[in-house]
2 protein chains.
Amino acid sequence: MLAEDQRMVRGALAALLGLEDDLEVVGEASGGAEAVAVAARTRPDVALLDIEMPGGDGLAVAPELRAAAPDCKIMILTTFGRPGYLRRAMEAGAAAFLVKDGPAQELAAAIRRVVAGERVIDPALAAAALSAGPNPLSPRERDVLDAGADGSTIADIADRLHLSEGTVRNYLSSAINKVGARNRIEAVHTARAQGWL
Amino acid sequence: MLAEDQRMVRGALAALLGLEDDLEVVGEASGGAEAVAVAARTRPDVALLDIEMPGGDGLAVAPELRAAAPDCKIMILTTFGRPGYLRRAMEAGAAAFLVKDGPAQELAAAIRRVVAGERVIDPALAAAALSAGPNPLSPRERDVLDAGADGSTIADIADRLHLSEGTVRNYLSSAINKVGARNRIEAVHTARAQGWL
DNA sequence: AGATGACCATGACAAAAGTCATCGCGAACC
DNA sequence: GGTTCGCGATGACTTTTGTCATGGTCATCT
């Protein structure tokens, strides 16, 4: 099964896999929630999930998908090889983590290896994820940083999260400090780059 | 010819086009500069360019490509259907503007229409581009806004652009005002969403 | 020849953002 | 039972942003 929001890319990936005669695409989905429903219905051997999708990203729905279709292997396919993504993917029980930058043949090869029971992870990425360490941000710090990512003012964030302005300032300050940034914007950038948001 | 930086997507698109027996992929490139070189060598009828690429984006290299291979029709294929992108694509002489969200069959169909001499643009997108109006930012305002997008401080920007801090502040302020934002971050967001950056 | 507008710069001021010390509460852990 | 840590809050303080008025140069357009 294929879950990817960009239809043209999804169609192209389907075409790519269609060239392999031991592989068949039995279902397609354009979002996280839909992926779970489709998997429950079509019972695929393997689910290929994109991360950047509307309606619940691939990492968030992985647990639900495991519940809905326990025998289905989960493979994460993403544009960005962020250490934090890989970590979360592994914690969610994914069998593979691929980046779209990789060679096209790698996809079919990885699927076969996953079906055979192997786990497939780019060694360089694995090393980066390990050396980067875990997410240093507390849940609340993440919330606040994320809420401020779009240019919202402190008052906006406080309002949206039902916190006092001072509290928001403190969380923001400690988040900035923890990621080693000089201000909110830098903090959001580096946190995103690490896959911490 | 196919220019797209993500190899897996590029391979998948090639597979998709390979299914059509009146179409053939004669060259592939992973960046803007490479696209020009490949086009000069392989002389394709049509060049399919992604926008979000390293080494000069599709819009920037379109003029060079026209110079290098005058008979080659240029098609822009992008993730984001931003009004400003469409406008720039048209000004660069592109024959088509497609978004990756569209249906997969649309790609081959669009290529055939372009070869037949037609121009292919999503009507909804064209309307949005026209109603949004042209880029309100002056070149310098764009520079400053862009330089500050990564969280650089005013002093950083002033330094990088060889301007006084006050000047940077003024440009930033007028840019914020022009796009109707409340601060730098919001300004960058909306400017990006419109394709003005 | 005069208007317009992009460009660069100051200085002054108000409004945010960020830092720091300090406090209380509750849960987890040794 | 004490320590630690995440959570939420205050108040005071400094720095950074953003706004505004103003002024000058240069190129373009009418």
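Every chain is numbered from 1, with letters handed out A, B, ... down the list of sequences. Everything quoted here is computed from the prediction, not taken from an experiment.
Counting atom types as modelled, B:N170 pairs no side-chain N or O with a base atom of D:dT22 as donor and acceptor under 3.5 Å.
For the pair A:T153 and B:L163, both in contact range of DNA chain C, the more 5′-proximal nearest nucleotide belongs to B:L163. A residue-by-residue look at B:T167 and B:P136 shows that B:P136 has its nearest nucleotide of DNA chain C further toward the 5' end. Both A:Y171 and B:S174 lie near DNA chain D, and the one whose nearest nucleotide falls closer to the 5' end is A:Y171.
Going from atom CG of A:L172 over to atom C1' of C:dC20 covers 15 Å, rounded to whole Å. Taking atom CG of residue A:L161 and atom C1' of nucleotide D:dG8, one finds them 12 Å apart after rounding to whole Å. Atom CZ in B:R182 sits roughly 14 Å away from atom C1' in C:dA17 (whole-Å rounding). Rounding to whole angstrom units, CD of residue B:E165 and P of D:dT19 are separated by 17 Å. Per the geometry, CD1 belonging to A:I185 stands 11 Å off C1' belonging to D:dT16, to the nearest Å. Spacing between atom CZ of A:R169 and atom P of D:dC13 amounts to 14 Å, rounded to whole angstrom units. Summarising the geometry, the separation between CG on A:N135 and P on D:dG6 is reported as 12 Å, rounded to the nearest angstrom. Computed from coordinates, the A:I154 CD1 to D:dT10 C1' distance equals 15 Å when rounded to whole Å.
Distance from the side chain of A:R140 is smallest for D:dG8 among the nucleotides C:dC7, D:dG8, D:dG6. Closest to the B:S173 side chain, of the nucleotides D:dT19, C:dG18, C:dA6, is D:dT19.
Under 4.0 Å is where a charged nitrogen must lie from a carboxylate oxygen, and between B:E20 and B:R112 at least one such pair does. The pair B:R10-A:D101 fails the salt-bridge criterion, with no side-chain N (NZ, NE, NH1 or NH2) lying under 4.0 Å from an Asp/Glu carboxylate O. Between A:E4 and A:K100 there is a salt bridge, since a side-chain N of the basic residue sits under 4.0 Å from a carboxylate O of the acidic one. For the pair B:D71 and B:R66, the salt-bridge criterion is not met [side-chain N within less than 4.0 Å of a carboxylate O].
Note that A:R88 lies outside the cation-pi zone of A:Y85, set by a 6.0 Å cut-off to the ring centre and a 45° limit from the axis.
The residue A:S138 sits close only to the backbone: its heavy atoms come under 4.0 Å of sugar-phosphate atoms, none of a base.
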